[in-house]
Amino acid sequence: MSLSGAHNDRGEVKVRDSLDDLSTELADYIAELSEASVKERGVFAIALSGGSLVSLMGKLCEAPYNKTVDWSKWYIFWADERVVAKNHTDSNYKLAKDGLLSKVPIVPSHVHSINDSVSAEEAADEYEFAIRQLVKTRVVSVSDNSDCPKFDLILLGMGPDGHVASLFPNHSVLNEKDEWVTFITDSPKPPPERITFTLPVINSASNVAVVVTGDSKAEAVHLAIDDVGPDCPSLPARMVQPNGKLVWFLDKPAASKLDHPHQG
Ligand SMILES: O=C(O)[C@H](O)[C@@H](O)[C@H](O)[C@H](O)COP(=O)(O)O
């Protein structure tokens, strides 16, 4: 079921009763996008976030997905990453490696993580350079109406404050229009130093999925999705308005404050 907000289409909203059902729905969605992208351009360029997202992707490591997905065509990126050692418990790379990349036959050289031995600013610059190289080789497509990279899928979580990736409310990086990858050193969510995709990159994706669970996010989900009028706070999640398709994957608690009951 698609929901149209007053300002623009806020995407398709899928609500599932249990985390198990939500994980199955998410696995089906990702597997279908992977198949379509591999068929269309021979690769699937996917960007991950941190937090609970990877655990909610766990079904992909099980039958039938672990056998039906063409993992050799996957190229892995991060929509944001903490500037810590890759073996640190705070690392989104470690989270994905432990929860997904070590369980399915991803080609190691297709995994593009940050350089964890430099400053946040250098890590952001190097990451952007690496993505620029992969746009040249068409591993990552280019946007139809800018030189921005067009990822096949960007998977986002969302915080209770409406942040996505490492784009936090009222932070100056929300205004970054030229860089593809930027950095922060004052994250309100620890650890403080992170790199992050900027909004132009997120919004040039072919597909964006925001995966949100728990009643602590219900107010932010309402403010991000519903038509809350002109005084709506500028939530980063509401600034996710991709040229491609936007889908919200919610459990019942996270959807509990939405204006419209959803079973789509
Ligand atoms: O590196 C990060 O911290 C994440 O990318 C961040 O954007 C996360 O997705 C949200 O904070 C939601 O996290 P939870 O799903 O764990 O609440």
Side-chain angles (χ1 to χ4, degrees), residues 14-16 19 22-23 25-26 30 46-59 76-101 112-114 116 120 123-124 127 151 153-171 173-174 176 181-199 201-203 205 208-225 235-240 242 246-257:
K14 292 178 179 286
V15 182
R16 291 296 177 267
L19 294 185
L22 192 63
S23 297
E25 187 77 30
L26 183 61
I30 295 171
I46 178 173
L48 308 176
S49 289
S52 60
L53 171 74
V54 170
S55 64
L56 291 165
M57 294 173 70
K59 292 277 186 187
I76 306 284
F77 300 83
W78 277 267
D80 74 325
E81 175 59 292
R82 291 83 175 283
V83 184
V84 296
K86 277 190 271 202
N87 60 2
H88 191 287
T89 52
D90 282 346
S91 163
N92 288 345
Y93 166 82
K94 175 175 171 37
L95 194 64
K97 186 160 176 12
D98 294 347
L100 176 68
L101 307 183
H112 295 283
S113 55
I114 71 164
D116 62 353
Y127 206 52
F151 286 89
L153 172 58
I154 297 180
L155 288 168
L156 300 173
M158 187 184 74
D161 60 358
H163 80 259
V164 292
S166 287
L167 300 170
F168 291 89
N170 308 311
H171 200 290
V173 295
L174 289 169
E176 179 56 54
V181 183
T182 191
F183 71 100
I184 63 173
T185 57
D186 56 353
S187 172
K189 175 182 180 183
E193 296 203 344
R194 294 148 171 261
I195 64 103
T196 185
F197 281 2
T198 57
L199 279 170
V201 170
I202 292 172
N203 285 331
V208 177
V210 191
V211 185
V212 192
T213 62
D215 57 11
S216 70
K217 317 281 182 77
E219 182 62 19
V221 165
H222 163 60
L223 294 174
I225 293 178
L235 259 60
R238 197 174 180 93
M239 300 173 185
V240 174
L246 173 62
V247 183
W248 294 81
F249 291 84
L250 310 173
D251 70 352
K252 274 253 167 87
S256 59
K257 290 186 177 177

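Both ligands and their constituent atoms are indexed starting at 1 by order of listing.
Summary of contacts: the protein heavy atom closest to atom 10 (C) of ligand 1 is H163 NE2, 3.3 Å. Closest protein heavy atom to atom 8 (C) of ligand 1: K189 NZ, 3.7 Å. Nearest protein neighbour of atom 16 (O) of ligand 1, counting heavy atoms only, is S52 N, 2.9 Å. Scanning the protein for heavy atoms near atom 17 (O) of ligand 1, the closest one is K217 NZ, 2.8 Å.
A donor-acceptor pair under 3.5 Å is formed between the side chain of N203 and the backbone N or O of M239. Formation of a donor-acceptor pair under 3.5 Å by the R82 side chain with backbone atoms of P191 is not found in this model. Put simply, the side chain of R238 gets close to the backbone of L223: a donor and an acceptor are under 3.5 Å apart. Between the side chain of S91 and the backbone N or O of N87 there is no donor-acceptor pair closer than 3.5 Å. A distance-only check finds a donor-acceptor pair linking the side chain of S49 to the backbone of L155 [under 3.5 Å].
For V212, no heavy-atom contact with ligand 1 is shorter than 4.0 Å. Using a 4.0 Å cut-off between heavy atoms, A165 contacts ligand 1 through its backbone alone, with no side-chain atom that close.
Near D80, meaning under 4.0 Å from one of its heavy atoms, ligand 1 places the atoms 1 (O), 2 (C), 4 (C), 5 (O). Near G157, the atoms of ligand 1 lying under 4.0 angstrom from a non-hydrogen atom of the residue are 9 (O). Of all the atoms in ligand 1, the ones that sit under 4.0 Å from a non-hydrogen atom of G50 are 4 (C), 5 (O), 9 (O). Applying the 4.0 Å criterion to heavy atoms of R194 picks out, from ligand 1, the atoms 1 (O), 2 (C), 3 (O).
Ion pair D80/R194 flagged as a salt bridge, since at least one NZ, NE, NH1 or NH2 atom sits closer than 4.0 Å to an Asp/Glu carboxylate oxygen.
For R82, the heavy-atom gap to ligand 1 drops under 4.0 angstrom.
Checked against the 6.0 Å centroid criterion, the rings of F77 and F197 do not qualify as a close aromatic pair.
Note that the OG1 atom of T89 and the CG atom of D98 stand 10.5 Å from one another [nearest 0.5 Å].
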